[in-house]
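Before any comments, here is the structure.
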Amino acid sequence: MTATPPAKPTNRLAIAAVSLWTGLIVLVSHWMAQQSQRWLPVQASSAAPLVDGLFGFETGLGTFIFLGVLTVLAWSLLFHRARKYDESDAEPIEGNTRLEIIWTVIPLVLVLLIAANAIRVNRVLGVLGPMEHAHGGAVPTGALSPGAEGSGPVTSALATSDAAATELQVEVIARQWSWEFRYPLSDGDVQPHGDHDGMAGASGGTGSGGAATTHGMPATVSSTELHLPINRPVTFRLLSEDVLHGFYVPAFRLKQDVVPGQAISFRLTPTRSGRYRLRDSQFSGTWFAANQADVVVESPAAFAHWLELGVQQPLQPGLSPAADDYARRQQRPSNGWATVVPAPPPLVNVPGSVALPHDA
Amino acid sequence: MVSTAATSTPPAPGSWLRYLGWSTDAKVIGIQYIATALIFLLVGGFLAMVIRGELITPEADLVDRTVYNALYTMHGTIMLFLFIFPVLNGLNNLLVPLMIGAPDMAFPRLNAVAFWMVPVFGLILMASFLVPGGPAASGWWSYPPVSLQNPLGILLNGQALWILAVALSGVSSIIGALNVVTTILRLRAPGMGLFRMPIFCWTALSAQLIQLAGLPVLTGGAVMLLLDLVAGTSFYRPEGGGDPVLYQHFFWFYSHPAVYVIILPIFGVFSELLPVYARKPLFGYTVVAIASLVIVGLSLIVWVHHMFPSGVAQWMRDLFMVTTMLIAVPTGIKVFAWVATLWRGKIRLTSAMLFALGGIVNFVFAGITGVMLATVPIDIHVNNTYFVVGHFHYVIYGAATMGVYAAIYHWFGKFTGRMLYEGLGKLHFVLTFIGTNLNFLPMHPLGLMGMPRRVSSYDPEFAFWNVLASLGAFILGVSIIPFLLNLVSSLVRGAKAPANPWNAIGLEWLLPSPPPAENFEEHIPTVLRGPYGYGSGEPLVEHQERYEQALREVAA
Amino acid sequence: MTSTSAGAAPGEAGGPGQNLGPGEASSTGHHAHPDHSLTGFVLFLASESLVFLAFFAGYAVLKNGALSWYPAGVEGLEWREPLRYTAVLLSSSGTIALAEHFLARGRLGLFRGFWLLTMAMGAVFLAGQVLEWRGLAFGFTDGVFANLFYLLTGFHGLHVAAGIVLMGVTLARSFTPSAGGGHKGLQAAGLFWHFVDVIWVVLFLLLYVWR
């Protein structure tokens with residue numbers, strides 16, 4: 001009945017049983033760690049395997065701790081119950097210094113290991129791209145610096161640098177409630193197909209103005225659907241025109257708040273073709289939930305083709321489910337609950353769609 | 001205290017009318033707090049039912065999106081500021097003076113003032129449903145600029161009333177904290193050194209120290225928010241040179257530690273109950289006591305973990321990840337101490353004990369997801385998703401509210417003189433435990449899949465887990481029924497509570513149930529040893545037999 | 001209850017200077033303890049100082065992140081006049097200390113004189129504040145520096161005013177010793193006044209010295 005019976009042979013049996021049980025928990029934890037990878041969306045960026053690896057590790061470790069605690073708890077509840085009329089006290093064990101040191105030191109070491117591992121992953125992710133802020137180093141608290149927008153690495157890369165050949169620049173503009181993506185055109189973007197005559201002169205445009213055209217010739221291609229070529233690093237320049245928004249693509253495992261007054265540069269590399277959801281992850285008001293866009297990761301050729309088609313498209317209203325819904329809402333009598341009026345749908349070359357099936 | 005004697009309770013001491021009016025008696029105020037909090041639990045719970053009703057289908061079809069946003073905002077605000085804080089203040093009022101042998105709180109009149117602010121700001125918050133445009137709808141964080149948008153452009157808007165209510169709540173909590181800390185530091189019985197205090201007093205002290213350190217910062221931040229909203233300043237408005245992220249620092253500097261304000265007293269409850277129902281001393285009392293203070297210190301330097309994706313520098317992410325993870329150590333110490341307390345005990349599964357055990361199990365789970373959330377790369381993925389909602393509700397409902405229930409089942413008889421029914425209590429426990437896990441466990445896969453929190457509609461792939469969560473929520477709704485039934489029927493015709501129904505050790509059990517207005521009056525006992533002498537057979541106080549004799553005489 | 005009389009109550013002997021080590025008693029019920037209010041007040045001041053700390057931190061963060069700090073046409077604040085008023089406020093910490101010193105010696109007249117002088121100096125400081133506000137080229141809503149300037153000085157000014165009122169109340173009580181609570185109220189007022197002074201020093205450094 002009890003866990004530590006006095007007799008020696010039973011003691012050995014108890015040790016064997018405990019070891020066996022611990023082994024079983026280890027196996028279950030391992031299984032859970034593997035299983036945990038299935039709870040996550042498909043891995044569509046270079047960051048995803050690293051994040052998932054950490055999550056799997058912590059799921060395994062967490063399962064082990066949870067089951068370990070639960071086992072001891074359950075054992076006590078099953079076998080250390082008071083008999084019906086037993087009103088007496090149990091043995092007065094006040095503590096055990098050695099045990100207390102063990103369960104202080106082991107968790108301490110464990111969490112420090114996890115933290116060290118996570119910092120290492122942070123570094124790798126930083127190299128791969130996603131954690132650089134345009135102004136993060138200069139203003140550690142994330143304080144705004146609206147006028148410094150032109151000084152980050154983003155715009156310098158936009159113009160001519162060598163990085164432009166490999167790294168894509170996309171400006172992301174978040175509004176209540178729509179997402180707009182602007183692709184400043186440079187030589188590299190339409191090179192693969194060769195028929196980019198007349199585009200080169202417009203490569204200096206940063207697209208920071210409201211209109212996407214300069215004298216009839218598009219300096220940018222704009223859309224309300226995000227297209228990205230596979231395996232090519234992309235740097236986003238995240239801008240908000242009103243409130244906080246969150247740039248979140250679950251399949252990429254990456255997320256960054258979009259802060260009004262700040263231009264945040266945000267890098268990632270898509271690694272899997274498919275159609276994914278971009279979701280607003282920072283509450284932004286009435287149509288927050290509807291503020292979604294699709295992200296299409298495709299081959300470089302398909303991307304270049306899409307860009308070319310985009311150039312030829314005239315500007316037209318992009319997707320804005322919020323604006324449509326607001327129009328419908330205006331038809332009905334007011335319910336008295338106030339809302340911010342949605343911004344009109346942005347004028348873009350390619351509206352895209354949010355009605356197609358997506359992978360994650 | 002002289003002032004207590006001079007000012008307390010015009011209605012007859014036995015009359016329950018005194019609970020409806022001004023009273024400076026901590027035991028009356030404690031019950032006023034708890035009763036008020038339970039009423040608001042029903043209000044906040046009703047809002048939760050509507051929220052889960054909306055989310056049972058992917059489309060925004062039950063209520064308008066504006067209504068949904070307001071409802072979830074009010075749900076969070078009510079549950080935190082009008083349920084959990086007041087209910088814990090109630091426990092502080094009831095338990096702290098008794099446990100340390102004080103006749104009352106140090107400042108009885110301030111105590112009453114602090115309590116009466118609760119219904120006042122509760123009414124302000126409820127009234128915000130009636131102002132044009134509806135109540136605040138920017139979440140209980142009220143992040144600017146969305147909280148500053150004020151679409152109707154009127155001065156008396158829901159958001160302004162919300163800030164006013166939260167500020168009043170802050171003032172009330174600061175007064176309460178001054179009172180609790182002073183009481184514990186100054187009014188302990190002879191012989192009760194700090195390291196002879198029950199753990200609940202340690203955790204109450206720790207929690208209220210956090211209130212004193214954190215609330216002023218939130219209040220300062222809220223004043224600036226209110227000025228931005230109604231006076232045309234631009235502290236948080238980027239177009240005027242302000243910084244919306246600054247508000248997040250102010251907000252989380254308090255609001256993360258606030259979670260420890262909530263959970264620390266619950267740790268205290270667990271630490272009180274387990275020794276009673278396992279008939280063993282608390283394992284490692286001194287370490288458990290000190291761990292509370294360690295948590296206080298750490299809690300003040302972790303707030304940025306709520307802001308990993310907000311636009312903070314990488315070094316801040318790393319630093320605050322480490323400090324956050326360190327909290328797992330003192331917390332783990334407590335959990336292991338509880339488990340060791342149960343080991344080889346003589347366990348009795350009363351309703352109170354079941355709630356405590358269920359709370360501990362839920363808390364361990366929440367602790368593990370908490371470490372995941374501290375890990376920056378994982379947090380970047382699940383931040384602001386349902387994973388966080390699930391984690392938070394495991395803490396706040398699975399552990400904290402179940403701890404509150406445990407406390408109510410344990411001490412109800414002491415303060416009302418009537419015993420709660422065990423059968424209904426166990427039914428309440430089973431429904432609560434199942435409901436909690438069915439409601440909040442599915443939120444974790446949802447978050448991992450990428451469902452953002454605060455959405456009024458979602459993509460169809462999230463439907464399955466949302467249906468389960470909603471079913472769990474409805475079970476939780478039903479679980480309140482046996483609880484309320486139990487409270488009412490026990491008060492009306494429950495068995496008379498003996499002075500010490502659980503055969504527990506502690507100063508509060510040396511008094512009749514309910515205790516006299518002045519507790520020990522002039523017979524304050526001299527404490528001889530630590531609080532959990534189970535199995536030692538030694539008395540807690542000098543002349544303990546005289547106190548017990550007196551109790552027998554009262555009973556007879 | 002039977003009489004237990006609790007042995008010799010050690011709390012009785014503790015007196016005001018009693019510390020709270022293990023085994024030491026803090027109170028014996030009905031004997032009101034003069035220290036409770038002071039303990040509470042000190043805790044309150046510690047807590048209150050954090051409101052200022054929050055404002056100061058906000059000031060530093062916003063200033064560090066700002067591109068243009070002062071409102072258009074404003075180069076910085078005039079500091080000479082405020083420095084004079086600062087000197088007045090800081091000296092008043094000395095006069096209140098003198099007042100307390102004389103009270104301890106039992107010289108009630110001198111106490112009242114210096115106490116009143118302290119109140120007057122506080123009032124002079126407030127008047128200086130009002131004059132400065134009226135002479136400024138910018139208003140409350142002219143950008144984030146203006147917001148912070150008025151918020152900080154205004155919030156501090158409220159504390160100065162509260163301090164003067166508190167001193168007034170204690171002074172009035174000194175004429176009616178039977179009112180009770182006299183001494184602890186006095187100590188509290190003194191503490192509060194020093195607190196207000198220290199806050200002002202930080203405030204002055206932030207607003208006027210840090211360019």
Side-chain angles (χ1 to χ4, degrees), chain A residues 39-41 51 54-55 58 62 66 69 72-73 76-77 80-82 86 89-92 94-95 100 103-104 107-108 111 115 118-119 121-122 131 133 136 140 142-144 146 243-244 246 250 253-257 259-261 264 279 281-287 289 335 337-340, chain B residues 64-67 133-134 139 143 145-146 149 151-152 238 243-245 279-281 283-284 287 309-314 316 318 321-322 325 328-329 332-333 336 339 342-348 364 368 372 375-378 380-381 383-384 445 448-450 452 454-457 534-536:
Chain A
W39 310 334
L40 293 153
V51 174
L54 270 179
F55 180 70
E58 289 187 19
F66 187 68
V69 170
V72 183
L73 211 60
S76 302
L77 292 189
H80 300 159
R81 293 271 280 279
D86 184 0
D89 288 346
E91 196 186 335
E94 301 266 353
E100 283 162 49
W103 69 45
T104 307
L108 183 66
V111 292
I119 290 175
V121 170
N122 278 341
M131 302 285 181
H133 295 180
L144 93 166
V243 298
L244 294 170
R253 308 289 188 281
L254 293 172
K255 174 184 290 132
Q256 173 60 51
D257 280 9
V259 183
I264 296 175
R279 298 196 173 93
S281 60
Q282 188 63 274
F283 182 71
S284 59
T286 310
W287 277 275
N335 64 0
W337 297 62
T339 176
V340 170
Chain B
D64 191 71
R65 290 188 196 271
T66 50
V67 178
Y143 274 8
V146 93
Q149 284 191 311
L152 295 187
D243 179 6
V245 180
R279 314 306 307 164
K280 269 183 69 196
F283 195 93
V287 183
S310 293
V312 294
Q314 187 61 49
M316 282 182 103
D318 290 342
M321 166 168 66
V322 173
M325 287 194 172
V329 177
I333 288 174
F336 296 135
V339 172
L342 294 173
W343 187 254
R344 300 180 66 188
K346 293 190 173 179
I347 296 170
R348 202 171 296 279
V364 172
I368 289 164
M372 291 173 174
T375 312
V376 173
I378 299 177
I380 296 286
H381 174 50
N383 184 293
N384 271 348
L448 292 169
M449 289 161 73
R454 304 182 161 172
V455 291
S456 44
S457 62
Y534 296 94
S536 72

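All chains are named by letter (A, B, ...) in the order of the sequence lines, taking the proteins before the strands, and each is independently numbered beginning at 1.
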* Any side-chain heavy atom of A:Leu77 sitting closer than 4.5 Å to one from B:Ile347? -> yes
* **Separation of B:Thr375 OG1 from A:Leu54 CG (nearest 0.5 Å)** => 6.5 Å
* To do: Below 4.5 Å from any heavy atom of chain B, which atoms of A:Glu91 appear? Answer side chain, backbone, both or neither.
  => both
* Asked: Hey, which of A:Arg279, A:Gln282, A:Lys255 is the one that makes side-chain hydrogen bond (donor to acceptor under 3.5 Å, both in side chains) with B:Asn384?
  -> A:Gln282
* To do: Flag the one option from A:Phe66, A:Trp337, A:Phe55 with the top tally of heavy-atom pairs under 4.5 Å to chain B.
  => A:Trp337
* Structure fact -> Scanning both residues in full, the closest heavy-atom pair of B:Met449 with A:Trp39 reads CG-O, 3.8 Å
* Given side chains that start at C-beta, do those of B:Arg279 and A:Asp86 come closer than 4.5 Å, heavy atoms only? -> no
* Asked: Which region of B:Ile368, side chain (C-beta onward) or backbone (N, CA, C, O), has a non-hydrogen atom less than 4.5 Å from a non-hydrogen atom of chain A, or is it both or neither?
  -> side chain
* Asked: In terms of heavy-atom proximity below 4.5 Å to chain B, should A:Thr339 be classed as side chain, backbone, both, or neither?
  -> both
* Considering only heavy atoms from C-beta outward, does the side chain of A:Val51 approach that of B:Ile380 to under 4.5 Å? -> no
* Do the ring planes of B:Trp343 and A:His80 sit parallel (below 30°), tilted (30 to 60°) or perpendicular (above 60°)? -> perpendicular
* To do: For the residue pair B:Leu342 and A:Val72, establish whether any side-chain heavy-atom pair is separated by less than 4.5 Å.
  => no
* **Approximate separation, where rounding is to 0.5 Å, of A:Ser284 OG and B:Gln149 CD** => 9.0 Å
* To do: Please state whether the side chain, the backbone, both or neither of B:Met321 comes within less than 4.5 Å of a heavy atom of chain A.
  => side chain
* Euclidean distance, A:Leu254 CG relative to B:His381 NE2, rounded to 0.5 Å -> 9.5 Å
* Specify the closest pair of heavy atoms between A:Ala90 and B:Arg344, including all atoms of both residues, with the distance to one decimal. => CB-O, 3.7 Å
* Side-chain contact test, heavy atoms from C-beta onward, threshold under 4.5 Å: evaluate it for A:Pro260 versus B:Pro145 and give yes or no. => yes
* Do B:Phe336 and A:Glu100 have side-chain heavy atoms sitting under 4.5 Å apart? -> no
* Asked: Given side chains that start at C-beta, do those of B:Pro244 and A:Val259 come closer than 4.5 Å, heavy atoms only?
  -> yes
* **Among the listed options B:Val329, B:Ile378, B:Val287, the residue most often paired with chain A at heavy-atom distances under 4.5 Å** => B:Ile378
* Give the minimum heavy-atom separation between A:Gly285 and B:Val146, together with the two atoms involved. => N-CG2, 3.7 Å
* Closest approach of B:Pro281 and A:Pro92, non-hydrogen atoms and distance? -> CD-CA, 3.6 Å
* Between A:Asp89 and B:Gly535, which heavy-atom pair has the shortest distance, and what is it? -> OD2-N, 2.8 Å
